[in-house]
Amino acid sequence: MRYKLSAPLQPKAVIELPASKSISNRALIIHALGRGTTVPANLSDCDDTRVMIQALTENHDVIDILAAGTAMRFLTAYLCVTPGTRIITGTARMQQRPIQILVNALRELGAQIEYAGNEGFPPLRITGGELNGQEVTLKGDVSSQYISALLMIGPVLKNGLTLHLTGEIISRPYINLTLQLMTDFGAKAEWISENCIRVAPHPYSDTAFRVESDWSAASYWYQIAALSSQSSIKLKGLFKKSYQGDSRGAAVFAKLGIATEFTDGDVILRQTSEYPERLDEDFIDIPDLAQTFVVTCALLNIPFRFTGLQSLKIKETDRIAALITEMAKLGYVLRHENNSVLIWNGERCEPHATAVISTYEDHRMAMAFAPASIVFPQIRIDEPHVVSKSYPNYWNDLRLAGFGIEEE
């Protein structure tokens, strides 16, 4: 399936954003580990959260998490401390995404994990039980989801958990998000030094909790406002003091002419018409916003150098390669350095007469390129259903704002 998009002259809408997938999936794991009865409220209605709920409630011997990377990492740790033997698997792409670092760390704690396919990759055969280990050392530049998976099981370990992180720590806000949620549910977990976290063997409590709206999803509406000559956009359920690291996207968009007005749980986007000559930004703590800002800056003709992108190669697709390929279809020549830096110095090439954007089974490719229809009328998005991974109502919300969406 393919969508052909056309943009309104003045996008206008009040948007009910989806609940945060990052918070939802962490809250569900913590709730299950604490054996709570009060289910977290306002859970995300997306693929990743649905498969998490199914895995935690249906108790099947084989758990298929499809393309949900968060679920794969979090459930791998969860199953290690949950009695029983289960196989956890996923899509063909998921079976190509490395998980050996997490498996090795869990084995150090005493977990029984076998590879049911290729060494270092899912599917995994896990026999859960009590883990007696209490100390693990990881490189700080691994996926924060590995770190969060380990932290969340810390309170139920016999001796708690001391986690040492070496070198540069990437995505620190996601680690802090996990620690904050653990604390909200009664755990005792904190940084005891710049590179070390201690989790006490103190059980989670049954806690009433409501998930806030998703700042990652909000980024696409900031993008629409930035690319439009005029717009009127209000986003529901966002807070200035957010647990989510991606809330920093608002500050980056302020550099691109979009101011944020907070009004009692809502956000109103204001255009200031202030643009930089170029944008140099470190995405080490907000890697999921990289695609949004790559497309936005190029279409605003703002050269950029984005660093801290090393985790993009192990996402739903190799996002660095995908961005270079798809931006070339629109006439922009990007280059990369060391698989962690993306650069556009203003170099152009001949754009495709009718650009068809491939999404690579990656929800963020679809959502970041859809606003390009403001600059490139009739752009096509292949396999648009991929947005269900995090923002199932995305296309309907675009229609609400005045976008034309035609199925081809």
Side-chain angles (χ1 to χ4, degrees), residues 5 7 11 170-171 216 218-231 245-246 248-260 269-313 315 317-353 355 357-360 362 364-377 379 381:
L5 306 183
I170 66 171
S171 301
S216 306
S219 73
Y220 309 112
W221 294 97
Y222 276 82
Q223 181 183 17
I224 287 167
L227 295 174
S228 302
S229 57
Q230 293 184 10
S231 65
D246 281 356
R248 188 169 80 79
V252 183
F253 267 109
K255 302 176 184 179
L256 301 178
I258 302 300
T260 303
L269 307 186
R270 305 287 190 197
Q271 291 162 300
T272 66
S273 301
E274 297 176 4
Y275 304 101
E277 290 186 3
R278 64 174 292 119
L279 183 65
D280 296 314
E281 197 72 34
D282 185 354
F283 281 79
I284 195 73
D285 58 346
I286 50 171
D288 282 345
L289 301 188
Q291 290 138 299
T292 308
F293 283 103
V294 164
V295 177
T296 303
C297 286
L299 270 57
L300 289 175
N301 203 35
I302 298 172
F304 59 81
R305 186 176 191 271
F306 295 160
T307 59
L309 304 178
Q310 48 265 50
S311 65
L312 265 60
K313 294 189 71 64
K315 296 287 187 176
T317 186
D318 179 342
R319 289 177 173 172
I320 289 178
L323 281 166
I324 291 171
T325 299
E326 301 311 306
M327 289 303 294
K329 294 177 181 179
L330 301 181
Y332 301 89
V333 180
L334 276 58
R335 61 185 180 88
H336 73 91
E337 294 177 352
N338 302 320
N339 290 322
S340 65
V341 180
L342 268 175
I343 300 167
W344 182 61
N345 286 327
E347 186 178 353
R348 301 295 299 268
C349 62
E350 187 67 27
H352 291 198
I357 302 300
S358 299
T359 51
Y360 305 86
D362 185 346
R364 301 205 186 281
M365 289 298 290
M367 292 187 287
F369 276 87
S373 61
I374 296 168
V375 179
F376 292 90
I379 192 173
I381 306 291

Trainee: Kindly determine whether Thr359 and Phe369 satisfy side chain to side chain contact (heavy atoms under 4.5 Å, CB included), including the steps that lead there.
Mentor: CA-CA 9 Å; Thr359 51; Phe369 276 87; over 6 Å; no

Trainee: Taking only residues two or more places apart in sequence, or in another chain, which ones meet Asp280 in a salt bridge (charged side-chain N to carboxylate O under 4.0 Å, His left out)?
Mentor: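 Salt bridge (charged side-chain N to carboxylate O under 4.0 Å, His left out) check on Asp280 returns Arg278.
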
Trainee: Quick one: side-chain contact (heavy atoms from CB on, under 4.5 Å) partners of Ser229, sequence neighbours excluded?
Mentor: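 Here no residue qualifies.
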
Trainee: With sequence neighbours excluded, what pairs up with Asn301 under the side-chain hydrogen bond (donor to acceptor under 3.5 Å, both in side chains) test?
Mentor: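 Partners of Asn301 under the side-chain hydrogen bond (donor to acceptor under 3.5 Å, both in side chains) test: none.
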
Trainee: Would you check if Val333 and Arg348 make a side-chain contact, meaning some heavy-atom pair closer than 4.5 Å?
Mentor: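 In short, these two side chains do not touch, never coming nearer than 4.5 Å.
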
Trainee: What's the shortest heavy-atom distance between Ile286 and Gly245, and which atoms?
Mentor: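 Residues Ile286 and Gly245, closest heavy atoms: CG2-O, 3.4 Å.
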
Trainee: What is the minimum heavy-atom distance between Thr292 and Phe253, and which atoms define it?
Mentor: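 Heavy atoms only, the tightest pair is CG2-CZ, 3.9 Å.
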
Trainee: Compare every heavy atom of Ala372 with every heavy atom of Ile379, then report the nearest pair and how far apart it is.
Mentor: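 For Ile379 versus Ala372, the nearest heavy atoms are CD1-CB, 4.0 Å.
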
Trainee: What salt bridge (Lys or Arg N to Asp or Glu O under 4.0 Å) pairs are there with at least one residue in residues 330-346, not counting sequence neighbours?
Mentor: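 Every salt bridge (Lys or Arg N to Asp or Glu O under 4.0 Å) pair that includes a residue of residues 330-346, provided the two are not neighbours, is Arg305-Glu337, Arg335-Glu337.
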
Trainee: Between Lys255 and Glu274, does at least one N-O distance fall below 4.0 Å, as a salt bridge requires?
Mentor: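 Salt bridge: no.
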
Trainee: Supply the atom-to-atom distance Ser219 OG to Gln291 CD, rounded to the nearest 0.5 angstrom.
Mentor: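 Rounded to the nearest 0.5 Å, the OG-CD separation comes out at 9.5 Å.
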
Trainee: Side chains of Glu347 and Tyr332 only: does a donor on one sit below 3.5 Å from an acceptor on the other?
Mentor: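 Per modelled atom types, Glu347 and Tyr332 side chains form no pair under 3.5 Å.
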
Trainee: Parallel, tilted or perpendicular, judged at 30° and 60°: which one describes the rings of Phe304 and Trp344?
Mentor: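 It falls in the tilted class, 30° to 60°.
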
Trainee: Check whether any side-chain heavy atom of Glu281 sits under 4.5 Å from a side-chain heavy atom of Val252, and report yes or no.
Mentor: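 They are in side-chain contact.
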
Trainee: To check you understand the geometry: which heavy-atom pair defines the closest contact between Pro371 and Gln223, and what is its length?
Mentor: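 It is CG-OE1, 3.3 Å.
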
Trainee: Any chance you could measure Leu309, atom CG, to Ser340, atom OG, to the nearest 0.5 Å?
Mentor: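 With rounding to 0.5 Å, CG (Leu309) is 7.0 Å from OG (Ser340).
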
Trainee: Return the minimal non-hydrogen interatomic distance between Ala225 and Gln271, and the atom names on each side.
Mentor: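 In this case the closest contact between Ala225 and Gln271 is O-NE2, 2.8 Å.
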
Trainee: Do Ile302 and Glu277 have side-chain heavy atoms sitting under 4.5 Å apart?
Mentor: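 No, their side chains stay 4.5 Å or more apart.
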
Trainee: Would you please name every residue forming a side-chain contact (heavy atoms from CB on, under 4.5 Å) with Ala254, sequence neighbours left out?
Mentor: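 side-chain contact (heavy atoms from CB on, under 4.5 Å) check on Ala254 returns nothing, list empty.
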
Trainee: So do the side chains of Leu256 and Thr296 get within less than 4.5 Å of each other, counting heavy atoms only?
Mentor: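 When only atoms from C-beta onward are counted, Thr296 and Leu256 do touch, with a gap below 4.5 Å.
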
Trainee: Is there a side-chain contact between Arg319 and Asp288, using heavy atoms and a 4.5 Å cut-off?
Mentor: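 Yes, side chains in contact.
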
Trainee: Given Gln310 and Val341, is the side chain to side chain contact (heavy atoms under 4.5 Å, CB included) satisfied, shown in steps?
Mentor: CA-CA 8 Å; Gln310 48 265 50; Val341 180; over 6 Å; no

Trainee: With rounding to the nearest 0.5 angstrom, report the OH to CE distance, Tyr220 to Met367.
Mentor: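 One finds 4.0 Å between OH of Tyr220 and CE of Met367.
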
Trainee: Not counting sequence neighbours, which residues clear side-chain contact (heavy atoms from CB on, under 4.5 Å) with Ala7? List them please.
Mentor: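 If we apply the side-chain contact (heavy atoms from CB on, under 4.5 Å) test to Ala7, skipping adjacent residues, the hits are Ser373, Ile374, Phe403.
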
Trainee: With Thr260, which residues qualify under side-chain hydrogen bond (donor to acceptor under 3.5 Å, both in side chains), at least two apart?
Mentor: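 Checked Thr260 against side-chain hydrogen bond (donor to acceptor under 3.5 Å, both in side chains); matches are Tyr222.
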
Trainee: What are the two closest heavy atoms between Asn339 and Ile320, and how far apart are they?
Mentor: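 Closest pair (atom of Asn339, atom of Ile320, distance): O-CD1, 3.3 Å.
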
Trainee: Kindly determine whether Leu342 and Ile324 satisfy side chain to side chain contact (heavy atoms under 4.5 Å, CB included), including the steps that lead there.
Mentor: CA-CA 9 Å; Leu342 268 175; Ile324 291 171; 3.9 Å; yes

Trainee: Could you check whether Glu350 pairs with Lys329 (Lys NZ or Arg NE/NH1/NH2 to Asp/Glu carboxylate O, under 4.0 Å)?
Mentor: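 Not counted as a salt bridge, because no side-chain N and carboxylate O are separated by less than 4.0 Å.
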
Trainee: Among all residues two or more places apart in sequence or in another chain, which pass the side-chain contact (heavy atoms from CB on, under 4.5 Å) test with Ser216?
Mentor: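 Listed in chain order: Asp214, Asp246, Arg364.
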
Trainee: Mind checking ring pair (Phe, Tyr, Trp, His ring centres under 6.0 Å) for Trp221 and listing every partner two or more places apart, or none if nothing turns up?
Mentor: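 Counting only residues at least two positions away or on another chain, Trp221 forms no ring pair (Phe, Tyr, Trp, His ring centres under 6.0 Å).
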
Trainee: With no hydrogens and no angle check, is any side-chain donor or acceptor of Glu326 less than 3.5 Å from a backbone partner on Ser358?
Mentor: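 Side chain of Glu326 to backbone of Ser358: a pair is present.
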
Trainee: Going by the rule ring pair (Phe, Tyr, Trp, His ring centres under 6.0 Å), which residues pair with Phe283 if we only count those two or more places apart in sequence or in a different chain?
Mentor: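 Phe283 satisfies ring pair (Phe, Tyr, Trp, His ring centres under 6.0 Å) with Phe293, Phe306 only.
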
Trainee: Could you check whether any side-chain N or O of Asp282 sits under 3.5 Å from a backbone N or O of Ile284, counting only pairs where one atom can act as donor and the other as acceptor?
Mentor: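 Yes, Asp282 side chain to Ile284 backbone: donor-acceptor pair under 3.5 Å.
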
